[in-house]
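A short write-up of the structure that comes next.
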Amino acid sequence: VYEGAGGGGGVGQGRGLEGLIRHQPENDRMAQRLEAGTLAALVEKDAVLVGQAELLRSILEGVEGDAILAGKREIEEGIAAITAALRERQTFLL
């Protein structure tokens with residue numbers, strides 16, 4: 001009787017193919033590297049978003065309504081840049 005790759009055998013003892021499938025290391029270094037790379041890219045994308053939002057805030061802070069309307073094109077460009085950065089971030093996560 002074949003009992004799997006380590007001899008002995010039995011359910012729950014991690015022997016043979018079933019044991020290889022069921023036993024996965026909790027800290028897979030390749031997965032950690034991929035996660036670290038993904039997180040680093042997200043941090044970079046988030047920093048861009050924060051910078052864009054801060055720029056838009058600084059343009060609008062303390063500005064009267066008429067001046068905001070006069071600078072409407074610049075504001076729309078800022079919003080479009082933020083929207084594009086958000087889309088890029090979402091696409092990255094897919």
Side-chain angles (χ1 to χ4, degrees):
V1 174
Y2 177 73
E3 295 180 351
V11 177
Q13 294 184 7
R15 306 278 189 221
L17 182 57
E18 182 179 347
L20 291 174
I21 293 170
R22 289 184 183 265
H23 177 68
Q24 295 295 318
E26 290 183 28
N27 292 323
D28 182 340
R29 292 192 189 278
M30 180 60 83
Q32 287 176 345
R33 282 196 301 254
L34 291 175
E35 288 174 13
T38 299
L39 291 174
L42 287 174
V43 166
E44 185 177 308
K45 292 176 185 312
D46 288 348
V48 169
L49 283 167
V50 168
Q52 290 171 329
E54 177 60 26
L55 177 62
L56 192 57
R57 185 202 58 78
S58 71
I59 291 170
L60 296 173
E61 187 173 46
V63 177
E64 297 292 325
D66 291 340
I68 290 174
L69 291 176
K72 179 182 171 189
R73 190 169 79 92
E74 184 179 16
I75 294 165
E76 288 173 341
E77 289 173 0
I79 292 170
I82 291 171
T83 301
L86 282 170
R87 283 194 187 120
E88 182 181 328
R89 187 181 192 279
Q90 288 172 331
T91 301
F92 178 77
L93 290 172
L94 295 178

Report summary line: Residue pairs passing the side chain to side chain donor-acceptor pair (under 3.5 Å) test with at least one member in residues 47-63, sequence neighbours excluded, are Glu54-Arg57, Arg57-Glu61
Only pairs under 3.5 Å count here: list side-chain donor-acceptor contacts from residues 87-94, not counting sequence neighbours, and write none if there are none.
residue	atom	partner	partner atom	Å
Glu88	OE2	Lys45	NZ	2.9
Arg89	NE	Asp46	OD1	2.5
Arg89	NH2	Asp46	OD1	3.3
Arg89	NH2	Asp46	OD2	3.3
Thr91	OG1	Arg87	O	2.9

Requested in this report: Would you please name every residue forming a side-chain hydrogen bond (donor to acceptor under 3.5 Å, both in side chains) with Glu44, sequence neighbours left out?
Outcome: none
For a quick test of your reading: what N or O donor-acceptor pairs under 3.5 Å do the side chains of residues 63-82 make, sequence neighbours left out?
residue	atom	partner	partner atom	Å
Arg73	NH1	Glu77	OE2	3.0

Requested in this report: Could you state whether Leu42 and Val50 fall into the same hydrophobic cluster, counting links through intermediate Ile, Leu, Val, Met, Phe, Trp or Tyr residues with side-chain heavy atoms under 4.5 angstrom apart?
Outcome: no
**Report entry** Nearest-0.5 Å distance that lies between atom CG in Leu55 and atom CD1 in Ile59
**Finding:** 4.0 Å
